[in-house]
Structures are given as structure tokens and as C-alpha cells.
Amino acid sequence: MGNFITFEGIEGCGKSTQIQLLGEWLVSIGKRVLMTREPGGTELGERIRTLLKDKCLDGHFSAKAELLLFEASRAQHMEKKIVPALTRGDDVLCDRFSDSSTVYQGAARKVPTSDVAFLNKFATNNLMPDLTIIVDITSEESVRRVLGRRGQIDRIEKENLSFFNDVRNGYLSIAKGDRRFLVVNGDQSVSDIQNEIRREYRARFM
Ligand code: TYD
């Protein structure tokens, strides 16, 4: 089985850059790697992603409907892409996974935690990542980076600072005392963050 590594963090934390760099390094040392994301990763998942990001639906999702769409994308992704890749022996690097539902839908949108946990298990057959990297920045830094990145911001990114605070605190609280997680300070330089991630990969998997 390959190693299943997920990346989490609030908007603008820089996780996508880090996934790209880790993927390139792994390929350079001879690993086979699947880089993928949620919502998305499959044809159905990408259509669900488009639906979730549709500006016309701004504010029209019930929290439960939204959660179920993320989980539908995840179930498809798991069965059709992630499990086959891990079984082939490939490493899988996934931009967001079930922890995103735990913190965005659970901690921030207040869907009961036990419901989110059940649906995460249902969608994934309880297959957990081997390592989850949380790139941690403050909610103020997140909003600053997102607004600097582009003029127009989407529905989820438009949420207020207190929502981002809930998300950040949600991540820090699920990571506390759980060896599955590595929390990296996202205020460091891109290369310092990457070095920390590679060090962790070596320590755990090589
Ligand atoms: P995306 O543009 O990929 O944001 P980012 O670059 O920050 O990952 O959009 C994904 C959005 O969906 C992001 O705001 C987090 C949210 N999300 C959830 O609320 N629940 C989930 O289960 C997942 C996977 C994502």
C-alpha cells in the first residue's frame, strides 16, 4: 500500500504550493504519486465542486445539503481513485479530505459533530490518512492573503473572520494529541515549510 497524505488548512495557507513541491520531490526520488483534491478528483466530484462553487447558489445551501455534497464527492473519490492508487502502491497526496468536513461543516457550520463523523466514515469506509499536514495561519492572515490574491472571492471565502477562526481552532483542536497530524507554521518561508514536511515524510515512511 502507498502512503495516504492529506493537506488541510484555512484559505490562503499555502497548502497547494506545498503539495506540488512534495509531489515533485517524491517523483524525483522514484515514487509514483497521485495528486488530487476535494471536492473533486473524479469527473463526478469535479461536477459536484462546480455546483458547490456556483455563485448563483450563494447562500442557498442548507448546511446538511452542503455536507452531503462534499461526502458524495468523497465517496466517489475514495472508491474510484484513492483506494485503487494506494492498492497499486502509489502515494496519494490529497488537497483537503474528511478533516475539512469535520471543521468546516462541524466546528464552523455547527452540523453535529457525531453526524459529520458518521458521514465521514460512511464515505471513506473508515480509511484514514496515514499523515495529515495542517498548514496553520491565523484567520486574519487568511483573509489578508485571500483578498490580496484576487478581487473576487467566492461564497465560502466570503464568510466572516469568526467563521475562519472557528475553522482554525477546529483544526488545532482535532490535531491536539493525535499522531496522525503534523501542524506546520504557515508563516515560514515556502522552503522552510517544505523542508519540515519532507523531514516528517522521511521520519514516517522511509
Ligand atoms: P478551494 O477553492 O479548493 O479552496 P482551498 O484552496 O482553500 O482548498 O475550495 C474548497 C472549499 O470547500 C474551501 O473553502 C473548504 C471547503 N470545504 C468544506 O467546507 N468541506 C469539505 O469537506 C471540503 C473538502 C472543502
Side-chain angles (χ1 to χ4, degrees), residues 4-22 35-42 44-55 57-78 81-82 92-113 115-124 127-129 132-139 141-171 174 186 190:
F4 182 23
I5 303 170
T6 60
F7 287 73
E8 299 281 352
I10 54 180
E11 273 77 353
C13 68
K15 64 186 161 48
S16 308
T17 308
Q18 295 300 331
I19 293 174
Q20 193 60 38
L21 293 171
L22 183 65
M35 285 194 263
T36 187
R37 67 172 179 185
E38 290 202 355
T42 62
L44 175 64
E46 291 296 328
R47 290 195 197 184
I48 293 173
R49 181 184 180 90
T50 304
L51 198 58
L52 282 161
K53 293 193 151 239
D54 188 339
K55 305 251 176 323
L57 294 172
D58 250 18
H60 291 281
F61 286 97
S62 83
K64 287 184 181 177
E66 187 181 59
L67 170 62
L68 290 167
L69 287 170
F70 283 117
E71 297 293 358
S73 167
R74 183 163 301 132
Q76 183 78 4
H77 197 198
M78 206 59 192
K81 289 279 284 281
I82 295 176
V92 174
L93 309 185
C94 191
D95 191 339
R96 298 194 178 282
F97 193 62
S98 47
D99 298 309
S100 280
S101 293
T102 304
V103 302
Y104 281 82
Q105 280 63 57
R109 288 201 192 283
K110 316 294 184 205
V111 177
T113 314
D115 291 341
V116 181
F118 170 77
L119 289 168
N120 277 337
K121 278 189 187 162
F122 181 69
T124 61
L127 184 86
M128 304 282 276
T132 296
I133 293 155
I134 296 176
V135 183
D136 180 51
I137 58 171
T138 64
S139 47
E141 179 62 13
S142 163
V143 170
R144 202 179 60 71
R145 290 189 193 180
V146 167
L147 288 174
R149 194 160 66 195
R150 56 177 184 273
Q152 214 190 15
I153 57 174
D154 72 20
R155 184 175 64 86
I156 294 172
E157 288 166 343
K158 243 188 281 176
E159 302 292 344
N160 58 30
L161 216 55
S162 87
F163 178 85
F164 283 106
N165 253 324
D166 289 346
V167 172
R168 182 188 185 214
N169 292 331
Y171 275 127
I174 59 173
V190 168

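Computed from a predicted structure; not experimentally measured. Whatever order the structure lists them in is the order used to number ligands and atoms, beginning at 1.
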**Message:** Check for me whether Arg109 has a heavy atom closer than 4.0 Å to any atom of ligand 1.
**Reply:** no
**Asked** Which of the atoms of ligand 1 are close to Ser101, meaning less than 4.0 Å from one of its heavy atoms?
**Response** 21 (C), 22 (O)
**Request:** Quickly, which of Arg74, Arg96, Glu66 forms a side-chain hydrogen bond (donor to acceptor under 3.5 Å, both in side chains) with Ser101? Name it, please.
**Result:** Arg74
**Prompt:** ligand 1 and Arg96, any nitrogen or oxygen pair closer than 3.5 angstrom?
**Reply:** yes
**Message:** With rounding to the nearest 0.5 angstrom, report the CG to SG distance, Asp99 to Cys94.
**Reply:** 10.5 Å
**Atoms of ligand 1 close to Glu38 [distance to a heavy atom under 4.0 angstrom, numbered from 1]** = 24 (C)
**Asked** At the 4.0 Å heavy-atom cut-off, does Glu71 count as touching ligand 1?
**Response** no
**Asked** Quick one: does Lys53 get a heavy atom under 4.0 Å from ligand 1?
**Response** yes
**Message:** Side chain or backbone, does Glu11 bring an N or O within less than 3.5 Å of an N or O on ligand 1?
**Reply:** yes
**Asked** Atom OG1 of Thr138 and atom CZ of Arg145: how far apart are they, to the nearest 0.5 Å?
**Response** 8.0 Å
**Prompt:** How does Gln105 reach ligand 1, by side chain, by backbone, by both or by neither, if only non-hydrogen atoms under 4.0 Å count?
**Reply:** side chain
**Atoms of ligand 1, numbered as shown, that sit under 4.0 Å from any heavy atom of Lys15** = 5 (P), 6 (O), 7 (O), 8 (O)
**Request:** List in chain and number order the residues that pass salt bridge (charged side-chain N to carboxylate O under 4.0 Å, His left out) with Lys15, two or more places apart in sequence or in another chain; answer none if no residue qualifies.
**Result:** Asp95
**Arg37/Glu46 ion pair, N-O < 4.0 Å** = yes
**Prompt:** Of the backbone atoms (N, CA, C, O) and the side-chain heavy atoms from C-beta on, which set of Arg49 has a member under 4.0 Å from an atom of ligand 1: side chain, backbone, both, or neither?
**Reply:** side chain
**Message:** Within this structure, what is the CE-CG distance for the pair Met35 and Leu93, rounded to the nearest 0.5 Å?
**Reply:** 6.5 Å
**Message:** Ser139 and side-chain hydrogen bond (donor to acceptor under 3.5 Å, both in side chains): which single residue from Asp166, Asn169, Asn165 fits?
**Reply:** Asn165
**Fill in**
By salt bridge (charged side-chain N to carboxylate O under 4.0 Å, His left out), Arg49 pairs with (sequence neighbours left out) none
**Asked** Going by heavy atoms, is Arg74 under 4.0 Å from ligand 1?
**Response** yes
